[in-house]
Every structure is written in structure tokens, then in C-alpha cells.
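What follows is one structure encoded as C-alpha cells, with my remarks underneath.
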Protein chains: 2
Amino acid sequence: MAIEPDDDALATALLARQRRALAKAITLVESARPDHRLRAQSLLDRLLPHTGNALRIGISGVPGVGKSTFIETFGMYLLEQGLRVAVLAVDPSSPLTGGSILGDKTRMEQLSQQENAYIRPSPARGALGGVGHQSREAMLLCEAAGFDIIIVETVGVGQSETAVAAMCDVFLLLQLPNAGDELQGIKKGILELADLVVYNKTDLDPRAAAIAAGQMRSALHMLRPASPHWQVPVLQASATSGDGIAEIWATLQNYRRLMQQAGAFDERRKQQAQAWMWQLIEAGLQERFRHHPAIQAALPQALRQAADGTVNPATLAALLLDAFQR
Amino acid sequence: MAIEPDDDALATALLARQRRALAKAITLVESARPDHRLRAQSLLDRLLPHTGNALRIGISGVPGVGKSTFIETFGMYLLEQGLRVAVLAVDPSSPLTGGSILGDKTRMEQLSQQENAYIRPSPARGALGGVGHQSREAMLLCEAAGFDIIIVETVGVGQSETAVAAMCDVFLLLQLPNAGDELQGIKKGILELADLVVYNKTDLDPRAAAIAAGQMRSALHMLRPASPHWQVPVLQASATSGDGIAEIWATLQNYRRLMQQAGAFDERRKQQAQAWMWQLIEAGLQERFRHHPAIQAALPQALRQAADGTVNPATLAALLLDAFQR
């Protein structure tokens, strides 16, 4: 579909780094309305040549780890380096539980007032493609609007971390130096996703932080590294005092340089883009399947028969698939 | 499709508990040939009323944990209780790596010679429905052939454990009492699947086993229990001496009784059957998508464009989905 004149003007304004245009464009890609989806696609196609120039940093950690304060301090530091910083949120809260975990409460008060920072709260849920789909497109819009760093944050719940790792160049896991927290982090399988582990709030109890960091290093040594070019470092920081923030940025720059030299940086993005396409295809197939009139008519009985054990699930699946393509 | 006369005779022989009929039927459900799939479906539909009476026990553990010896000892103990025991394997080895991890080497020599035991090695891979599809249908066939206990074994690699947990009434995780093994078990997220954890080979170092079991109990307490009706026990056993085997069987019987009283036993099976149907539908949709002539023609370029970043993956997904249903 060709881009509408209004949306073309929107694209031009966004490329001119106008905040209102960016906000409006993100609202468009977040919309689940079919006509909005078509317009969003045309807009993204128009802007795609101007994307890809930012460093995409995923940040996760359980509630209470101090994520907002960390991103505020880290973001302010990046601004001081002359960089433009956008912060997006991927919220794993389900339609069932309702509210957003990342919330609408006033967060990152200082950062949000800066000219060169842009903070976007969590999108509404329920659109095609599952957790993170809208954030991925919002990320591209921020890149087209000239941001150098995109921080995508999420909490350590559900599949949101996998979604964030699948759209970022580097995944930073924030940890609390509490006894037992190591295990909590490990249990969800997110250590495999982490390119960098940072213990936050280490000023509260430096000794506990050092012990926790040591345990984490041991745990990381037991995992197969995600990349042969990178051994996951474990750093310590205090977002309130600012300690360790410069080292984290230096480490991220080092990561980018090493991965780029190895060709792994671009390779990861290529694989992410293809995986994203497949994810949307899978979601689209299921969407079309579930909304097909023949399926809607036959599905309730099939689910009942599967549960009752009166018909083999494989038989039911075959019948439904045939009804879908008849 | 109506069942063929030959397959009807096969069903009758299987219901009469003839081993050769069971072996032949399993070979049929393991086949990926479309005509075999249709015949297998008719056969399963015919036999379905005679299934569901066994206790389905999933057993997993990393290579070296002594799984074969444990199943041999445990299986012999069950035979002594007058039970008929079938052992199936779900092998996560990929088509890429080739060989089977569970292997064709002589395993469970004693058990395999018993009249009331049936051991089936891993099926060949690559059929519709992903890891475990064939084993699920083989399990139903074993139930129709009058086996009281179906043991489904797998190794702690890939998605095979999730597949096995999704087809069994109870999931038993075998662990080695080694330092650090706790973490290895946890990292793959299988602790959440376990209904029972058993430390094997505890006769080698009883003190290490007691410590490891204690650490495991602590770790389990940090996880949300999979069922409100059951706190996952941590037991110790030696498959070579037979120590602990009787207690494991008593625990499994207790589990079945408690879950049945709570209605959770049947509920789990109902959910598993529906989830299985959905899994086959998803696999079928993808299969049909990938084999569609329009998709085969357009896919290589789409993958290239996604990787190059020249077209937005969402646009490519929408184009391919439209081509599929045109």
C-alpha cells in the first residue's frame, strides 16, 4: 500500500526529529486496528532506510531491583556523552491480570525532562505478534528519529525477556545482591539471554554484593556462552551514587566493538529480523485459523472431544486443518 | 477414514496383548508417510476407548545420571508388584546432529527379557508435530495393549522434557549428587516440570547426596508449586542396590491418589489432550504454509529482504500470509 499524504508528512516530521511526530507514529504502530496496521506498515517501509543506527540495549530485572532509577542514572550519563536516548517498555502483564507492571506512575522524572531523551510507557496489549511486537516497531521509529541508544526495559516475568533479547543488540540483566536471588534469576532461564549482569544497589551492602557477584560468575561459567566472542561480565553499580555507571557504558562499547569486528553484531540483527518475520507469520496463521468461520463452528466440539478422550487429538487436528483450507 | 481390514485385525491382536501387533502398530504411528498417517489415525480412533488406564510416568535426567539402570531396577520392582510395564523414549537429538542420544546400545537387558515388559527405542525423527508426537501415540497403543505403567524417558536436553511432561501424569527428575549439579538442573527450567526429584547413585557418597538433596529442597521452595495439591518431594535411591525404589513407588501411588481425589489428575489429562491438539494444529499450519507453492516461490527473497533490512519483517509476513490464502 502506498503511504498516505498525511503519513508521509508524519514521516518527514519524524525524520526531522519532532517529538510529537514520533509519539504519533508510535501510537499508530501500537494500534491493533486493521486500517492502522496497514498505515503503520507503509510508514515503517518509508522509514526503514533510516533505521538501524542505534545501539539497542535490553534491560531486565525483577521488580524492586531499581530498574527505573538505574535507567534514569544510566540515561543521564549517556546524555552527558552527547548521545540521544530513547526508553521503551515491554510489559509482560497479561490481559487477564489487567494492569501494567511497569506502570504509569511517574518514573525517570529527571530523564523525561531532557531534550535529548524520549520515554515511552508500555503499549496496550493484545495486538498481533505477541509480547514485544509493538515495541520492536517503536524501536525502529526511534532510530529513524535519530536516537543513538534505545533502551528496552522489561521485568523478569513471563516471556517478555525473551522478546526483549530477540530485539536488542545486547541484553543487560540487573540483579539485587540478596542471598538466594542468584537462584531466582537462574530459574527463569534468563541467564542464557544475558550479555552483561549488573548488581545494582551495591552501596547498601558491598560485602553481600561481592559475594553475590562471585556466585553469579560461577553460575555463568557453567552455562555455554551465547557467543564465542564474549564472556558475560558481572559488574557492580549503584544507581543512586552513580558508581559503576561509566564502567557499564565502557563495557557495552567494548561489546559492540568486539561483536562488530567478529561480524556477530550484524549477524544477530539479521537473525532477529528473520525470526521476527517467522513469529508474525505464526501469529498470523493462528489468527486466521481461529477466525475462520468453519473453525469457529467446529472448535468448541473438538475441544470437548479432545478433553473427553472420545476422539484422538491428532484426528481432530487433521479435521480442523482440512476445514480451514477447504 | 474407515479402518482397513488388515488394521482392524492389527487392533484386535493388539487388544489381545500380542507383542508383535503392538510393535507393528507403533511402527505405523511413527511413520511420516501420509498414507501411514491416515491408517495410524484410524487405528488410534479404533483403540482410543481402550486407552487411559495406565499411570504415565515421565523420567528425565542428564546423561550419566544412570537412567537406564534406574528404569531397569524400577521396572523390575513394578513387575514384582504384578504390573505390566512399557518403556518409551523421547529423543531430543536433532536431524542436524544425526544420531540418537538414547542410543540403540543394549539397555535394560534384564527388563527387556520379561514377558510383562515392553521396551521401545527412540523413534526416527522429523514427523509432524515435533518432539514427542510419535511417543504420545505409542503411549496410547501401549495402554490399549494392557500395560499398567508407561515410563517415558528422555535426557535433559532441548525441548524433549517439556514434551514428556506434557504427555505424562507425573514427571520424575533424576539427579546426581554432584556439587553444582543442582544449578545445571535448574538452568534448563525443568525443575518447574518436576513432580518428584530423585537423587540416584546415593550409595557412592551418602553425605554428598544428603547435602545435594537439601539444596534441592531449598531451591524447590523458591519455586511456585506446579500444583496446589502437591509439594515436590526429594528422594534418594540407588538403582544398583535397589535402595529407595519401594519408597519412590509408594510416593508415586500417593501422588496419583491425592491428585485423583482433588480432580487434578483428570484435569491434567484433559488439558494435555487439548494442548496436544493445538500443537498439531500449529505444526500443521506451518507445514502447509511452508509447502504452499506460492510460499516456496516467495520465501527465499523474503528471508533475504528481512536479513538485509530492506523490507520491514511485518510487511513481508503480511505479504506471505496473503499469498498463502489467496
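Every chain is numbered from 1, with letters handed out A, B, ... down the list of sequences. Just so we're clear, the structure is a prediction, and the values are computed from it rather than from any experiment.
Neither the backbone nor the side chain of A/Ala40 has a heavy atom closer than 4.5 Å to any heavy atom of chain B. Neither the backbone nor the side chain of A/Leu319 has a heavy atom closer than 4.5 Å to any heavy atom of chain B. In this structure, no portion of A/Arg46 lies under 4.5 Å from any heavy atom of chain B. Using a 4.5 Å cut-off between heavy atoms, A/Leu140 contacts chain B through its side chain alone, with no backbone atom that close.
Between chain B and the residues A/Glu137, A/Lys270, A/Arg288, A/Gln325, the most heavy-atom pairs under 4.5 angstrom are made by A/Arg288. Your options are B/Leu47, B/Asp266, B/Leu299, and the one with the most heavy-atom pairs under 4.5 Å with chain A is B/Leu299.
A heavy-atom distance below 4.5 Å is not found between the side chains of B/Glu282 and A/Leu285. In this structure, the side chains of B/Gln274 and A/Leu316 stay at 4.5 Å or more apart for every pair of heavy atoms. Taking the side chain as every heavy atom from C-beta outward, B/Trp278 and A/Leu303 approach each other to under 4.5 Å.
Within the model, atoms CG of B/Leu321 and CD1 of A/Ile281 stand 6.0 Å from one another, a figure rounded to the nearest 0.5 Å.
Checked against side-chain hydrogen bond (donor to acceptor under 3.5 Å, both in side chains), A/Arg56 has the following partners two or more places apart in sequence or in another chain: A/Glu143. Residues passing the side-chain hydrogen bond (donor to acceptor under 3.5 Å, both in side chains) test with A/Thr51, sequence neighbours excluded: none.
Listed by first and then second residue, the ring-ring contact (aromatic ring centres under 6.0 Å, His included) pairs involving residues 300-326 of chain A are A/Phe289-A/Phe324, A/His292-A/Phe324 (not counting sequence neighbours).
In terms of heavy atoms, B/Ala318 sits closest to A/Gln41 at CB-NE2, 3.7 Å.
Taking non-hydrogen atoms and a 4.5 Å limit, the residue list of residues 305-314 of chain B in contact with chain A, ordered by number, reads B/Ala306, B/Ala307, B/Gly309, B/Thr310, B/Val311, B/Asn312, B/Pro313, B/Ala314.
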